[in-house]
Amino acid sequence: MSDLDVQLPDGSHRTLAQGSTALDLAAAIGARLAKDALAAEVNSQLTDLSAPLPDGATVAIITPASEKGREVLRHSTAHVLAQAVTRLWPGAHYAIGPAIRDGFYYDFSLPGGARFSDDDLARIEDEMRKIVGENQPFTRSEHSFEDGLELFKDQPFKVEIINAVRSGASEEDLAEVANSSVVSTYSNTPEFRDLCRGPHVPSTARLGFFKLMRVAGAYWRGDEKRPQLQRIYGTAWESKDALAAHLTQLEEAEKRDHRRLGQELDLFSFPSELGPGLAVFHPKGGTIRRVMEDYSRSRHVAGGYEFVNSPHITKSELFETSGHLEWFADSMYPAMELDDGQNYYLKPMNCPFHVLIFKSRQRSYRELPLRMFEFGTVYRYEKSGAVHGLTRVRGMTQDDAHIFCTREQMSDELTSLLNFVLDLLRDFGLNDFYLELSTRPEGKAVGSDEEWSEAESTLATVAGSVGLELVLDEGGGAFYGPKISVQARDAIGRTHQLSTIQLDFQTPQRFEASYVAADNARHRPIMIHRALFGSVERFMAILIEHYAGNMPTWMSPEQVRVLGVRDDHDDYANEVVAALRLDGVRVQTEAANEPLGARIRRAKMEKIPYILVVGDDDVASGTLGINARGSNHPERGVTFGQFRSRLLDEIASHGSPEAL
RNA sequence: GCCUGGGUAGCUCAGUCGGUAGAGCAACGCAUUCGUAAUGCGUAGGUCAGGAGUUCGAAUCUCCUCCCAGGCUCCA
C-alpha cells in the first residue's frame, strides 16, 4: 500500500500510512500534541481528528488554546447543552447552537411552551457536567436527505433546515449540514443526535471549562414575526484560568460601564418622571458635554462650516416630503394635532430643515460646497426594549451637518471630510479605526440603480484612499443613500460605530433644491449627511468607558482640587485657586474641616486629575504638593509656575496625568 | 414590541415562616486642626416603584401598570 504525504503549517512534510487520520498525524509529531489535539484543518477546512487525510493535503492540528480550537470546543459545548436540555425536558425541540465570540448559545422550544428561568441554568449546568463526565464520543455520520428527515422527524426546526438546504440552500443553512447533497449529523450516545457540519472535539471529556451565562428570548431565524425561542448563552474556554480571566474581564468592563460611572461621578441621570431614554445632565456631565461641543465647534469653524439652527417641531408636510414619515413613522413620536387640524411632529432628523435653509434663496455654484452645521436635538420613539443608557436614547443631540455640493466636488469633499473626521476623533483620544461601507438596502431604497452605483463606487474609492481597513456591510445603507461609517476600537478592544458619512441624491430631488451653475442653468446639488460624534450623548458614553471615567485633563469636570493641610492654610489654598482660575482652569478647594486623608480619598474617588496639597512649607515658600491621578507618589515643593505650565501644556495637548 | 430577571433611605445592599423597616456610605449638627485614599459622637432621612386583590395582618403571596437590566427584533 502506498504512503500519503502531507504538508504541515511550517512547510515541512510528513509521510504517513494510507488511511491515516489527523489524530495519527498528531501522534506522529508528538504525544503531547496528540493529547491536546481537538480537530484539524485540512486544506483550510476544519475537520474531525478521526477523518482520513487525503494525499498531498496541507494539515494543521487544532489545539484548544487557539481561536479555532476555542471555536470547536464552544460549538461542542453547545451540543452538550442541547443534550442536557433534552434530558431535563424530554420532547424539547432544539434549533441552532453556534459558537460565538467568547462562547456559544443554543435556541430551544420547550414542550407546552415552558420557559427557562434563571434557576434552571444551574440544573442544566449540572447535567452538562454529568455528560462531560460520561466521556461520550462525538460520532459523525452522513445521510441522504430522506434519512435525515426521518432521523429528525420529531425536531421541526431541523426538518425545516434540511428542507431549506434541499430546495436551494442559504449560506446560513449550509453551515448546519455537510454540503448541499449530504446531511451530516453528530451523535454522542444514541440518546442525542444533532444536525451539524462539525467538526467536534473527539469526546465530551475534552470539555468542561464553561459557564452558562443567561437565558434570553430569540426569534427563530431572527424574524420578529416567527416564533420566539428560548436561548441560553454560555461561555467556554480551554482551561480553568482562561475561563476565570474572561469572567474577570467581564467584571472590569462592568466597572467602566458609563451608566455606573455616570451615577458614581454625578454626571447624568434618567429621572423616571421623564420617561425611558430621556437623560438630564448634572453640572459635571454638563461640563464634559460643553467641552466636547465647544471643541467640536472650533474645529468646524476652522473646517469651513457655517452654523445654523432649526426648531424641534414641524408640520407633517416636511417629513412627508423627505420620506421619513413613510419609512419611520413607527419610530417617531406620535403627531400633536392642533385645533386647525394640522399635525405637528417632533423632529427625528435635522436634514430637511437644512434643505429648507439651502432653498431659502437662489444658490449659485460659487457658494458650493456649502457646509451647514448644527447641534440638533432630535427625538425618536425607540422601542421600549431598545433604549440603553446614553447609547440608545429617545432624545439626543446630533453634531449634524449637511454639505451641499456639485457632482464634480463630491469626491474631493468626501476625501477631506473623512480626514477631518478621523482627525477630530483622534483629538478625543481614539486611535484605532476601520471603515465600513454600507450599501443599498434591498426593498427599502429609493432612487435609480445608476445613482446608487455611482454613490457606492464614489464612497468605496474615498474610503480606500485613507489607508484604513474597509469592511463591506451589504444592504446596510439608509433608504436614500449609501454610507461610510468609522468604527473605533476602545481601550478594552470593543468596537463602536462612530461617525457616519452618507451620500444622498434623493433628498435634494424630493425638495427640488437647485443651484445656478456656470452654464446659467439650474442643477441639482448632491447632499452629504454626516455626524462625527453620532450623538453627543452616545459619544460621551463611549469616551467615559474608554477612559474608565478618568477623563483627560482638558475634559475633566474638575481639573484641580486644592486642599489645605489645616484650616489656617485655606487662605493660601484660595489664592492658588484664584490664580489658576485666571487661566480658565476648573479648580475648587475644600475647606479643612475633615482630616486630609479623608479629603484626598474623596478627590481620588472623583477622579480629579490633580490634587494639590498645601501646608506650612508651601505657605512659607510659595510652593505646592502635587498628587496626580494614577500616582501614589506625591511630589512636594513644586513651584506654582512649574505646575501652571505643566497643567496648561497638558490641557492644550489633550493629555492626562496618567500619560495614557 | 417580545423573552428572562429585577425595583427596599440620596447611593450600595440586608430583611428568615406573612406579624408593620435595618446596615454602611452620603447629608446635616457638634467636637476635632490633621502633610497625601475613611477622626469621633450625634441627628435626620422610607407611600418597601404605583395600583388592585388574598389575609386578622403584606416589603414578603396573586394580578395589573410603570421603570431598570440582559438578550431578540429595530436603529433614518
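Predicted, not measured: the structure shown is a model, and the values here were computed from it.
Residue A:P276 is classed as a sugar-phosphate contact, given heavy-atom separations below 4.0 Å to backbone atoms only. In this structure, A:S331 reaches the bases: a heavy-atom distance under 4.0 Å links it to at least one base atom across the strands shown. Among the atoms of the strands shown, base atoms are found under 4.0 Å from some heavy atom of A:F328. The residue A:Y105 sits apart from the nucleic acid: no heavy atom pair falls under 4.0 Å. Contact annotation for A:G275: no contact, since no heavy-atom pair falls under 4.0 Å across all strands. Residue-level contact check: A:D223 touches neither bases nor backbone, having no heavy atom under 4.0 Å from any strand.
Only the P atoms considered, B:G53 is 25 Å distant from B:U16, to the nearest whole Å. Between the P atoms of B:A38 and B:G45, the separation comes to 31 Å (whole Å). Going from the C1' atom of B:G57 to that of B:A14 covers 23 Å, rounded to whole Å. Spacing of P atoms, B:C64 relative to B:G6, comes out at 16 Å, to the nearest Å. Separating the P atom of B:A27 from that of B:A69 is a span of 27 Å, rounded to the nearest Å. Nucleotides B:U73 and B:C56 are separated by 50 Å at their P atoms, to the nearest Å.
For A:H388, no side-chain nitrogen or oxygen approaches OP1 or OP2 of B:C68 to under 4.0 Å. For A:R259, a side-chain nitrogen or oxygen approaches OP1 or OP2 of B:G70 to under 4.0 Å.
Evaluation of atom-type donor-acceptor distances gives no pair under 3.5 Å for the side chain of A:Q228 against the base of B:C3. Side-chain N/O atoms of A:R115 and base N/O atoms of B:C3 include no donor-acceptor pair closer than 3.5 Å. Taking 3.5 Å as the limit, the base of B:G1 and the side chain of A:Y381 contain no donor-acceptor pair of atoms between them. A:D616 contributes no side-chain N or O that forms a donor-acceptor pair with the base of B:G35 under 3.5 Å. For A:R260 against B:C11, a side-chain-to-base donor-acceptor contact under 3.5 Å is absent. For A:K383 against B:U73, a side-chain N or O and a base N or O form a donor-acceptor pair under 3.5 Å.
For the pair A:E451 and A:E456, the minimum side-chain heavy-atom distance is 4.5 Å or more. Two residues are said to be in side-chain contact when any heavy atoms from C-beta on lie closer than 4.5 Å; A:L503 and A:K483 fail this criterion.
Looking at A:Q502 and A:T500, their side chains never bring a donor and an acceptor atom within 3.5 Å of each other. Donor-acceptor pairing under 3.5 Å is lacking for the side chains of A:S631 and A:H633.
The side chain of A:R566 approaches B:U33 more closely than any other nucleotide in the set B:G35, B:U33, B:C75.
Between the side chain of A:R380 and the backbone N or O of A:S331 there is no donor-acceptor pair closer than 3.5 Å.
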